[in-house]
Peer 1: 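This is the structure, below, for whatever I ask next.
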Amino acid sequence: MSDSSIVLSLPDQPREFGFFVDGSWSPIESREVFERFSPGHGVPVTRIPKCTDADLDAAVNAARKAFDDRRWSGLSGADRAAVLLKAAEGVRTRAEEIAYWETLENGKPISQARAEVGGCVGMFEYASGLARSLHGDSFNNLGDGMFGVVTREPVGVVGVITPWNFPFLILCERIPYILAAGCTIVAKPSEVTSATTLILAEILHDAGLPAGVLNVVTGSGSTIGQGLIEHEQVDMLSFTGSTAVGRRVVEASGKSNFKKLGLELGGKNPQIVFADADLEDAADGVAFGIGFNTGQCCVSGSRLIVERTVAEKFASMVAEKFRKVRVGDPLDERTQVGAITTDAQNTTIMGYIEKGRAEGATLIHGGEQLDFGHGQYIAPTLFGNVTSEMTIAREEIFGPVLTVMPFDTLEEAVAIANDTEYGLAASVWTKNIDKALVVTRRVQAGRFWINTTLSGGPELPIGGFKQSGWGREAGIYGVEEYTQVKSVHIEIGKRTPWVA
Ligand code: NDP
């Protein structure tokens with residue numbers, strides 16, 4: 001890729017997509033349409049059908065039939081792996097196209113979108129190995145008359161609801177693993193970012209995935225999403241999004257068929273910086289942790305907790321990084337921080353910034369909308385003099401807004417870090433290994449980073465403690481999540497009679 005300033009052009013007209021059920025595309029004609037405007041440019045870029053309840057039923061029925069007739073779960077792990085490997089190749093081949101539409105619908109920088117799509121290739125490759133290595137357990141210690149086996153079976157039809165912040169990455173942290181387990185799928189992307197999910201359906205179809213194994217329905221959360229979470233024929237629901245909708249998912253499961261749930265919800269993630277850290281490294285990591293994806297990450301490091309002796313100096317170092325970071329047109333290859341994805345989110349973030357000011361926090365940097373003549377942008381924002389009662393210290397902002405709080409002792413740092421209903425992710429920055437390990441053990445979070453942040457990959461699991469969710473995605477844990485275990489007792493030889 002070139003380092004010169006290449007700005008890709010906008011499409012001449014919006015690209016139209018159909019939706020995908022039982023191996024066939026349903027065209028957009030004769031349906032209500034959602035037109036998506038690029039948040040970075042304010043022009044229409046995609047047109048996506050609004051599915052009906054009947055479309056949803058058709059998708060679930062197709063997934064149900066494909067699961068029940070074992071056209072996918074009945075294949076060997078090696079055969080499933082072959083499809084996943086071809087899909088990995090398909091994602092690699094179409095990476096530029098996927099990154100382009102992801103950027104247009106989401107507003108993230110094109111360089112970031114490319115890196116994410118590259119990571120998704122690895123998800124498919126890694127999951128293909130898991131399709132072959134997935135296995136149960138055996139018990140050869142039950143005495144001469146008995147042998148015990150524990151098998152893993154795919155859980156069934158899985159509904160996958162994904163948010164708008166990482167439409168392709170979050171999808172690929174789930175779909176390859178669900179397929180590796182042998183399940184069938186009905187996916188519903190966020191209405192505002194459906195394009196790349198539909199492209200993935202095409203890639204998997206071309207890779208030889210049998211009809212009905214992956215179906216994609218499009219439309220709003222309150223209609224199609226709600227229908228999916230309530231559906232009696234869906235065995236498991238993987239939901240990624242807000243805690244508020246997460247609660248509705250739990251309710252819907254209880255009111256319908258007790259479908260198994262995987263939930264990845266919000267976060268208010270601490271970044272603990274000790275005075276003995278490499279402060280230059282830490283300032284860069286902290287700026288990245290909140291600037292990446294304009295802070296619209298469930299794992300954004302949004303609460304900076306710094307040892308008091310260096311707190312002021314460190315805040316200035318982070319502010320300096322914010323000054324230098326390149327905010328702007330997502331299609332410009334130099335851009336590091338792109339647009340805010342939705343109007344509603346833009347309003348929410350600006351509301352939190354106002355609240356921070358009103359509650360007495362000191363604005364150290366940013367706090368304003370940036371005007372590039374197109375789209376919606378917010379400057380990376382840093383608040384000092386923050387106390388743990390303030391709204392900006394407690395609620396997930398989901399934007400490029402960082403709060404700083406000082407601490408005097410390790411115990412105090414841990415207490416501040418844990419003073420939240422969430423438990424998704426956390427980072428610690430120190431050159432003292434003892435401190436790093438003590439903090440890692442005591443902070444309640446499903447993902448932990450030492451002297452780094454936002455690192456990830458196909459091997460290590462993703463998921464939250466506390467109200468950040470249930471279950472794990474990715475790694476071997478991510479495949480096991482989509483299985484259920486069956487215990488099998490096998491009598492050897494003649495049974496001891498019950499009736500003499
Ligand atoms: P939502 O929880 O509303 O949306 C996430 C997904 O759920 C989308 O596909 C959405 O569809 C769908 N959905 C919405 N309502 C329902 C419903 N009743 N039943 C089933 N599915 C539904 O998140 P938002 O997009 O509104 O974002 C709001 C907040 O959520 C953010 O500010 C952030 O705090 C959090 N969030 C967390 C994410 C994470 O990765 N943990 C990701 C995104 C958001 P549609 O978009 O079409 O309405």
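Numbering of residues begins at 1 and proceeds along the displayed sequence. For ligands, and for the atoms within them, numbers begin at 1 and follow the listed sequence.
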Peer 1: Can you tell which of Gly246, Cys298, Ala344 gets a heavy atom nearest to atom 39 (C) of ligand 1?
Peer 2: Cys298

Peer 1: Using modelled atom types and a 3.5 Å cut-off, is there a donor and acceptor pairing between side-chain atoms of Gln369 and backbone atoms of Tyr377?
Peer 2: yes

Peer 1: Below 4.0 angstrom, counting only protein heavy atoms, does anything approach atom 48 (O) of ligand 1?
Peer 2: yes

Peer 1: I'd like to check which ligand 1 atoms, numbered from 1 as shown, lie under 4.0 Å from a non-hydrogen atom of Gly225.
Peer 2: 19 (N), 20 (C), 21 (N)

Peer 1: Give the numbers and elements of all ligand 1 atoms closer than 4.0 Å to a heavy atom of Ser220.
Peer 2: 47 (O)

Peer 1: Please check this pair: side chain of Lys108 against backbone of Gly338, looking for a donor-acceptor N/O pair closer than 3.5 Å.
Peer 2: no

Peer 1: Are any of the heavy atoms in Val192 under 4.0 Å away from ligand 1?
Peer 2: no

Peer 1: Can you name the closest pair of heavy atoms from Leu424 and Gly464 and give their distance?
Peer 2: CD1-CA, 3.6 Å

Peer 1: Counting heavy atoms only, name the option from Pro163, Ser242, Gly399 that's nearest to atom 23 (O) of ligand 1.
Peer 2: Ser242

Peer 1: Which residue supplies the protein heavy atom nearest to atom 46 (O) of ligand 1, what is that atom called, and how far is it?
Peer 2: Ser190 OG, 2.7 Å

Peer 1: Does the residue Gln345 have a heavy-atom contact with ligand 1, meaning some pair of atoms that are separated by less than 4.0 Å?
Peer 2: yes

Peer 1: Closer than 4.0 Å to some heavy atom of Glu264 - which atoms of ligand 1 meet that?
Peer 2: 41 (N)

Peer 1: Under 4.0 Å from any heavy atom of Ile161, which atoms of ligand 1 are there?
Peer 2: 6 (C), 7 (O), 9 (O), 12 (C), 20 (C), 21 (N)

Peer 1: May I ask you to decide if the ring planes of Trp164 and Phe398 are parallel, tilted or perpendicular, using 30° and 60° as cut-offs?
Peer 2: perpendicular

Peer 1: What is the nearest protein non-hydrogen atom to atom 18 (N) of ligand 1, stated with its residue, atom name and distance?
Peer 2: Gln226 OE1, 2.8 Å

Peer 1: In terms of side-chain geometry, is the basic nitrogen of Glu232 or Lys255 positioned less than 4.0 Å from the acidic oxygen of its partner?
Peer 2: no

Peer 1: So, are Glu97 and Arg94 salt-bridged, with charged N and O less than 4.0 Å apart?
Peer 2: yes

Peer 1: Keeping Ser190 on the side-chain end and Pro163 on the backbone end, is there a donor-acceptor pair under 3.5 Å?
Peer 2: no

Peer 1: Looking at non-hydrogen atoms alone, which of Gly267, Cys297, Gly221, Gly464 comes nearest to atom 17 (C) of ligand 1?
Peer 2: Gly221

Peer 1: Report the part of Leu228 in contact with ligand 1, treating N, CA, C, O as backbone and CB onward as side chain, heavy atoms under 4.0 Å; options are side chain, backbone, both, neither.
Peer 2: neither

Peer 1: So which heavy atom in the protein is nearest atom 34 (O) of ligand 1, and how far is it from that ligand atom?
Peer 2: Glu396 OE1, 2.5 Å

Peer 1: Could you see which bit of Glu191 sits under 4.0 Å from ligand 1, with heavy atoms only: side chain, backbone, both or neither?
Peer 2: both

Peer 1: Atoms of ligand 1 less than 4.0 Å from Phe239 heavy atoms?
Peer 2: 2 (O), 6 (C), 7 (O)

Peer 1: Does the ring center of His205 lie less than 6.0 Å from the ring center of Phe20?
Peer 2: yes

Peer 1: Mind checking whether Thr240 contacts ligand 1 via backbone (N, CA, C, O), side chain (CB onward), both or neither, at a 4.0 Å heavy-atom cut-off?
Peer 2: both

Peer 1: Specify the protein heavy atom at minimum distance from atom 41 (N) of ligand 1: its residue, its atom name, and the distance to 0.1 Å.
Peer 2: Leu265 O, 2.7 Å

Peer 1: Which residue holds the protein heavy atom closest to atom 38 (C) of ligand 1, what is that atom called, and what is the gap in Å?
Peer 2: Phe398 CZ, 3.6 Å

Peer 1: Short question: side chain of Arg303, backbone of Asn269 - any donor-acceptor pair under 3.5 Å?
Peer 2: no

Peer 1: Salt bridge or not between Arg92 and Glu125? Use side-chain N to carboxylate O under 4.0 Å.
Peer 2: yes

Peer 1: Flag the pair Phe288 / Trp449 as yes when their ring centroid distance falls below 6.0 Å, and as no otherwise.
Peer 2: no

Peer 1: When the ring centroid of Tyr482 is compared with that of Tyr177, is the distance short of 6.0 Å?
Peer 2: no

Peer 1: Among all the protein's non-hydrogen atoms, which is closest to atom 8 (C) of ligand 1, and how far away is it?
Peer 2: Thr162 O, 3.4 Å

Peer 1: Look at Arg31 together with Asp55 and state whether they make a salt bridge at an N to O cut-off of under 4.0 Å.
Peer 2: yes

Peer 1: Run the numbers for me: atoms of ligand 1, each under 4.0 Å from some heavy atom of Lys188, listed by number.
Peer 2: 9 (O), 11 (O), 45 (P), 47 (O)

Peer 1: Which heavy atom of the protein is the closest neighbour of atom 24 (P) of ligand 1, given with residue, atom name and distance?
Peer 2: Trp164 NE1, 3.6 Å

Peer 1: Return the minimal non-hydrogen interatomic distance between Asn385 and Met390, and the atom names on each side.
Peer 2: O-CE, 3.4 Å

Peer 1: If the cut-off is 4.0 Å to any non-hydrogen atom of Gly219, which atoms of ligand 1 fall inside it?
Peer 2: 47 (O)

Peer 1: Compare Leu263, Ile349, Val245, Asn293 and give the one whose heavy atom is closest to atom 3 (O) of ligand 1.
Peer 2: Val245

Peer 1: Please check if the side chain of Glu396 supplies one atom and the backbone of Gly267 the other of a donor-acceptor pair under 3.5 Å.
Peer 2: yes

Peer 1: Is Ala244 close enough to touch ligand 1? Criterion: a residue heavy atom under 4.0 Å from a ligand atom.
Peer 2: no

